[in-house]
Every structure is written in structure tokens, then in C-alpha cells.
Amino acid sequence: MLRIYNTLTRKKEPFIPVEQGIVRMYVCGITTYSDAHIGHARTYVAFDIIRRYLEYKGYKVTYVQNITDIDDKIINAAAEKNMDALEYSSYYAKRCLEDLEKLGVRPADMYPKASEHIDDMIEMVKKLVDRGYAYVSEGDVYFSVEKFRDYGKLSGQDMEQIKAGARIMPGEKKKKPEDFALWKAAKPGEPKWHSPWGEGRPGWHIECSAMSSKYLGMPFDLHGGGQDLIFPHHENEIAQAEASEGKRFVNYWLHAGLLKIRGEKMSKSIGNIINVRDALSMWDAESLRFFFASVHYRSPPDFSEEAMRNAENAVRRIRIAKEKLEMAAGEDDKFNEKGLDEVEKEYLNNVKKFIRNFEVAMDDDFNTPKAIETIFDFVKDTNILFMKKENPSPPLCRYALNTFLKIANVLTLLQEEEKKVDVEALKKIASGYGVEEQGSWEEMLERLLEIRRNARKEKNYALADEIRAKLKEIGIEIEDRGEETIWRIS
RNA sequence: GGGCGGGUCACCUAGAGGCUGGGUGGUGGACUGCAGAUCCACAUACGCGGGUUCAAAUCCCGCCCCGCCCUCCA
């Protein structure tokens with residue numbers, strides 16, 4: 001039974017979807033005025049894993065993630081560069097999604113943009129005005145917080161606290177400091193749309209209420225985002241949606257812990273923001289994903305070079321175990337348990353234990369660090385199998401490999417990824433040993449390894465070690481296993 | 001000031017009142033021409049001070065420190 005921590009109740013609750021077998025989830029996306037950073041990445045990897053686990057459990061998941069392509073920051077940033085705000089934001093929207101995809105985050109089913117749903121938002125604002133929850137003030141429309149009895153239920157604040165923190169900024173025309181804008185009258189030069197209240201643009205919060213309910217209905221199952229969005233963004237989303245529709249908006253609210261860098265918060269003022277594309281130039285995508293998965297989604301991960309080194313090494317161990325299984329696996333995974341010997345039977349039990357433990361871990365509010373423990377248990381079991389047995393049952397290995405991949409994939413690990421080899425560099429090295437540039441690089445590498453094999457036979461270890469060192473420099477690691485030599489791209 | 005979540009072995013992270021997690025790194029051993037990989041073993045732990053309990057990292061109280069939110073924020 002899957003249990004999920006719900007910010008709304010501050011408790012782990014059994015997960016029961018609105019419609020059996022189906023999960024509808026919405027995650028607040030990026031405001032696209034600059035490149036995606038690893039804080040974004042942390043959040044979207046976390047929800048990617050949640051989505052994958054739900055699918056693993058057999059749910060049909062609809063995953064919607066919005067793109068905020070119209071807001072103050074975008075308008076200001078675009079103005080500085082003398083660009084059209086929407087053009088500017090669509091450029092970054094594309095880049096951000098590309099970066100996340102390169103990171104190996106599975107795309108959402110839908111990325112609705114705020115600018116393309118103005119009508120839906122106007123519709124919702126109208127309802128709020130009609131129902132008396134909102135008021136018009138000189139072309140602006142504000143939500144009257146005191147009218148919505150449940151305001152504060154998500155962030156756990158009472159109205160007194162909320163009022164204490166509220167302010168009226170210059171230019172705002174609201175009646176009460178705690179009220180928030182649903183619609184803003186256009187200022188000169190800003191992007192604007194027609195509305196019953198004059199030309200203007202929507203407030204930030206309304207897009208998520210309008211788009212999520214449009215595509216997922218009400219109530220829908222899961223709504224996620226970074227912890228920083230609990231107040232006011234998600235609080236306001238609830239107010240807008242529930243006040244306008246008169247029914248519950250979302251059943252489970254999930255919030256990801258915000259990434260820290262070397263113990264500090266990541267912020268512009270500290271100047272420690274790391275973009276996804278920069279991170280990808282320093283570490284491979286799988287190591288980054290492992291790093292995120294190794295911290296529970298509600299905890300704030302502490303990013304550092306050393307933490308990434310840890311992750312890289314851990315990932316290597318997982319990959320090596322997978323390779324062993326790949327080499328031993330047969331075409332199909334049908335085996336007769338009676339045909340297995342003691343060692344294989346024990347391994348089969350371990351595989352089954354692996355599945356059970358993994359599910360127990362993930363059922364407990366998506367406990368990915370615990371799930372990773374089960375991965376390492378399995379890695380060890382696999383290593384022991386190959387230590388005890390030269391050629392274990394190919395169908396058994398296929399079964400174990402399939403299980404391994406299925407589970408690892410939930411944690412975004414062992415995804416198929418192209419491994420890059422610097423072919424030019426390889427050619428250079430190979431030609432240095434008289435290997436002709438012919439055929440694929442794999443064939444070239446084979447011929448080079450043949451030379452090394454001969455060198456080893458002749459006990460010319462200096463030459464053998466030299467070749468090994470040079471290959472390592474370009475990311476090809478080789479390992480001697482008796483007479484055999486295997487290689488991998490690191 | 002208010003709300004929320006934390007402080008666990010050198011580092012990163014889980015954690016149920018009792019049976020001393022996992023990864024990375026370290027040390028020793030097995031294997032190996034060496035390296036690597038792998039296995040085995042070992043070491044290093046629960047912010048501080050009290051309390052409850054036969055038993056507390058886990059519950060309670062106080063203190064210190066850190067992070068997030070309190071209308072920009074994934």
C-alpha cells in the first residue's frame with residue numbers, strides 16, 4: 001500500500017486516487033527567463049521518479065507541467081534585451097526543457113503555457129468576481145482572502161499570521177494587504193490581453209489553478225512543486241480553484257526539499273547557482289540523477305563536488321553489475337526453478353527479495369535512499385553469484401537483468417544512454433601502435449587490445465600498461481580478467 | 001518574531017524505542033604481472049544538557065546551530 005506525505009495534513013496518508021487505476025498529477029514548472037539550474041533539476045527528477053513509481057505500480061499517469069511564460073521577471077529581462085517578452089520566454093522554455101531532457105528527465109505529457117490559456121484564466125477570474133471572492137480595482141482584479149475561509153490551510157498559518165506578513169507594494173490597488181492579484185492592468189509596453197476589466201495580464205497564481213483543473217479536472221490527485229511554493233503560490237491556487245468551483249481542488253500536495261550548495265542556499269546573491277547545462281559538462285547525467293535520488297525528495301540535498309564524486313563512484317558499481325548480467329543473460333527469461341542449482345536458487349530468492357524490499361521502500365512515501373539500499377543489496381548478490389559460478393543460467397540472468405532494469409529505471413538509473421567515445425583521440429592512440437584506421441571504432445579498439453594481449457603474453461607489461469593508461473585518459477577503462485580483457489566507457 | 005523541516009561515522013544519506021542501515025572514502029586480507037573489478041574483515045556515529053523507560057539516535061523538556069517559507073523563487 002502506497003503512503004504519501006501530504007503537506008495539507010502533514011501526515012503520511014494511504015494513496016487512493018480519484019479514479020481507480022489512474023493518477024492525475026500536476027507539477028509547477030519553470031518561469032522561463034533564464035536557464036534551468038540544478039535546483040529545478042532536483043525537483044523535476046524527484047517528481048519524475050514519483051511518476052515512474054506510480055506507473056511501476058500499474059497506474060496510468062497523466063503528468064502535466066506548466067510553463068510560466070508571462071510574468072514580471074520575464075518582462076523585465078526581455079525589456080533589458082529589447083526583446084518581445086513572449087519570444088524571450090519561449091526561447092528559454094525550449095532551452096530549459098532541452099536541458100532537463102538531456103539530464104534524463106522524462107518529459108511530462110503536457111506543457112501548457114500560461115500565455116496560451118488566458119481565456120481559461122479570465123473565465124476563472126470572472127467566476128471569482130461573480131461569486132463575490134474577488135473585486136475589481138481600477139483595472140486590476142484581486143482575490144479577497146478574508147472571503148475564503150480555508151485560506152492558510154496548506155501552509156498551516158492562521159489569518160493573523162498571514163496578515164502580519166502581508167504588505168501592499170507600490171502600484172498595487174488592493175483593499176487588504178493579504179489580498180493577491182488575479183489580473184493586472186497593463187502598463188505601457190507590457191504584453192497584454194483583452195479582458196472584461198480592460199487590457200492586462202493574469203497574476204501569477206491563477207495560471208496553475210486554471211490549467212491544472214482544465215486538463216486534470218477537480219479534484220485531481222497529486223500536485224507538486226518545490227517547498228518554496230507552499231506559500232503563497234499553492235495556498236493561492238487552492239483559494240482560486242476551490243472558491244471558483246466550490247469543490248476540493250487537489251487531494252495530495254507534495255513538496256520537494258530545496259537544494260543547497262555546500263551547506264548554503266542556492267541564490268543569486270551568493271552567486272552559487274549552477275545551471276543544468278554547466279553541471280552536465282562536469283558530471284554525467286546518470287550521476288546527477290543518482291545524487292538526487294540518493295536524498296529523500298522532501299529533504300534538502302546538499303550539493304558539492306565531493307557528493308558528486310561519491311555519486312559517480314556509486315553509479316559505476318551499479319553499471320558494472322548490470323554489464324555482468326548482460327553478458328550472461330540469454331534471450332528469454334523462462335527458466336525452470338527445478339533446473340537451478342543451490343547457488344542459482346539462492347540468487348533467485350535474492351531477486352525476489354529485491355523486488356519486495358524495493359516496493360516496501362518506495363511505498364513509504366517514495367523513500368528513494370532506502371530503495372537505493374536495495375539496489376546495492378542486489379548488486380552484491382549479483383557479484384556473489386558470478387563469484388560462485390562461472391556461467392549461471394542464462395534465463396535466470398535475463399530475468400534478474402530485466403528486474404534490475406525495471407527497478408533501476410524507476411529511480412532514473414540505468415537508462416539507455418549513448419556513451420560518447422572520442423573517436424579521433426582513439427584513432428590517434430591506435431595509429432601510434434600501428435593500428436590502421438579501418439572499420440568502426442569498436443573494431444579499431446579490438447585490434448589495439450589484441451596488440452596489448454600479445455604484449456601481456458610476452459610479459460611486455462610496460463607496453464600493456466601504457467596502452468591501458470592511454471585508453472583510460474580518453475575514458476575507456478579496461479580490465480583484465482585472466483586471459484580475457486573487457487572494456488567499458490566511463 | 002511566527003510557521004515548517006533538520007542536525008547521524010572522514011564525506012553523502014536512511015532510520016522502526018531494544019536486534020548498532022546503505023553508499024563513497026580509509027585500513028587489512030583473498031584474487032591479480034600490476035592496475036581495476038569483486039568478495040571478506042575492521043574502524044569511525046547519532047548537536048548539547050536534562051528527563052521518561054528495564055532499554056532512547058528514535059519519546060518529553062530546555063538550549064545551540066542550519067535550511068525553507070512569511071506575497072520574486074523548483
Toward the 5' end of RNA chain B, which comes first, A/Phe47 or A/Asn236, by nearest nucleotide?
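By nearest-heavy-atom nucleotide position, the 5'-most residue is A/Asn236.
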Name the residue closer to the 5' end of RNA chain B, choosing between A/Tyr5 and A/Ile372 according to the nucleotide with the nearest heavy atom.
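Per heavy-atom nearest nucleotide, the more 5' residue is A/Tyr5.
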Is the base of [N] touched by the side chain of [X] through a donor-acceptor pair closer than 3.5 angstrom?
X        : N     : value
A/Arg468 : B/A35 : yes
A/Arg10  : B/C4  : no
A/Glu373 : B/G21 : yes
A/Gln161 : B/G2  : no
A/Asp465 : B/G33 : yes

Does the structure show a Watson-Crick or G-U wobble partner for [N], both distances under 3.5 Å? Name it, or say none.
N     : answer
B/G1  : B/C70
B/A30 : B/U38
B/A55 : none
B/C11 : B/G23
B/C48 : B/G62

Within 45 degrees of the ring normal and closer than 6.0 Å to the centroid, is that where the cationic atom of A/Lys81 sits relative to A/Tyr88?
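Pair A/Lys81/A/Tyr88 does not count as cation-pi.
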What does [X] touch in the nucleic acid at a heavy-atom separation under 4.0 angstrom: a base, only the sugar-phosphate, or nothing?
X        : result
A/Gly39  : base
A/Lys457 : nothing
A/Glu178 : base
A/Ala166 : base
A/Ser304 : nothing
A/Ser155 : sugar-phosphate
A/Arg456 : base
A/Lys459 : nothing
A/His296 : sugar-phosphate
A/Asp302 : sugar-phosphate
A/Gly29  : sugar-phosphate

Ring-on-base stacking B/G33 with A/Tyr461 (under 5.5 Å, under 30°)
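Given the distance and angle limits, yes, they stack.
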Could you go step by step and tell me if A/Asp363 and A/Tyr53 meet the side-chain hydrogen bond (donor to acceptor under 3.5 Å, both in side chains) rule?
CA-CA 9 Å; A/Asp363 275 348; A/Tyr53 186 61; 2.8 Å; yes
Give a yes/no answer on whether the side chain of [X] brings an N or O atom under 4.0 Å of OP1 or OP2 in [N].
X        : N     : value
A/Ser299 : B/A14 : yes
A/Arg317 : B/G23 : yes
A/Lys380 : B/C39 : no
A/Arg309 : B/U24 : no
A/Asn310 : B/C11 : no
A/Lys472 : B/A35 : no

[atom1] of [X] versus [atom2] of [N]: gap in Å, rounded?
X        : N     : atom1 : atom2 : value
A/Lys73  : B/A74 : NZ    : P     : 7 Å
A/His234 : B/G3  : NE2   : P     : 23 Å
A/Phe148 : B/U71 : CZ    : P     : 20 Å

From the list [options], which nucleotide is the closest neighbour of the side chain of [X]?
X        : options             : answer
A/Phe376 : B/U38, B/G23, B/A74 : B/G23
A/Asp228 : B/U13, B/C69, B/C11 : B/C69
A/Met387 : B/U71, B/U38, B/A35 : B/U38
A/Arg452 : B/A74, B/C12, B/G33 : B/G33
A/Phe180 : B/U71, B/C11, B/C39 : B/U71

Is the count of non-hydrogen atoms from other residues, nucleotides or ligands lying under 6.0 Å from A/Lys345 atom NZ greater than 12?
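More than 12 heavy atoms, drawn from other residues, nucleotides or ligands, come within 6.0 Å of this atom.
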Looking at A/Arg51 and A/Asp109, does any basic side-chain N land under 4.0 Å from a carboxylate oxygen?
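So A/Arg51 pairs with A/Asp109 through a salt bridge.
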Does the A/Asn275 side chain pair with the main chain of A/Asp278, one donor and one acceptor, at a distance under 3.5 Å?
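Side chain of A/Asn275 to backbone of A/Asp278, a donor-acceptor pair under 3.5 Å: no, none is there.
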A/Glu466 and A/Tyr433: CA distance, side-chain angles, deciding distance, side-chain hydrogen bond (donor to acceptor under 3.5 Å, both in side chains) verdict
CA-CA 11 Å; A/Glu466 185 185 283; A/Tyr433 295 96; 2.4 Å; yes
Between A/Tyr297 and A/Asp365, is there a side-chain donor-acceptor contact under 3.5 Å, judged purely by atom types and distance?
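A pair is found: one side chain offers a donor N or O, the other an acceptor, under 3.5 Å apart.
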State whether a side-chain donor-acceptor pair under 3.5 Å links A/Glu306 with A/Ser304.
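No pair is found: no donor N or O on one side chain lies under 3.5 Å from an acceptor on the other.
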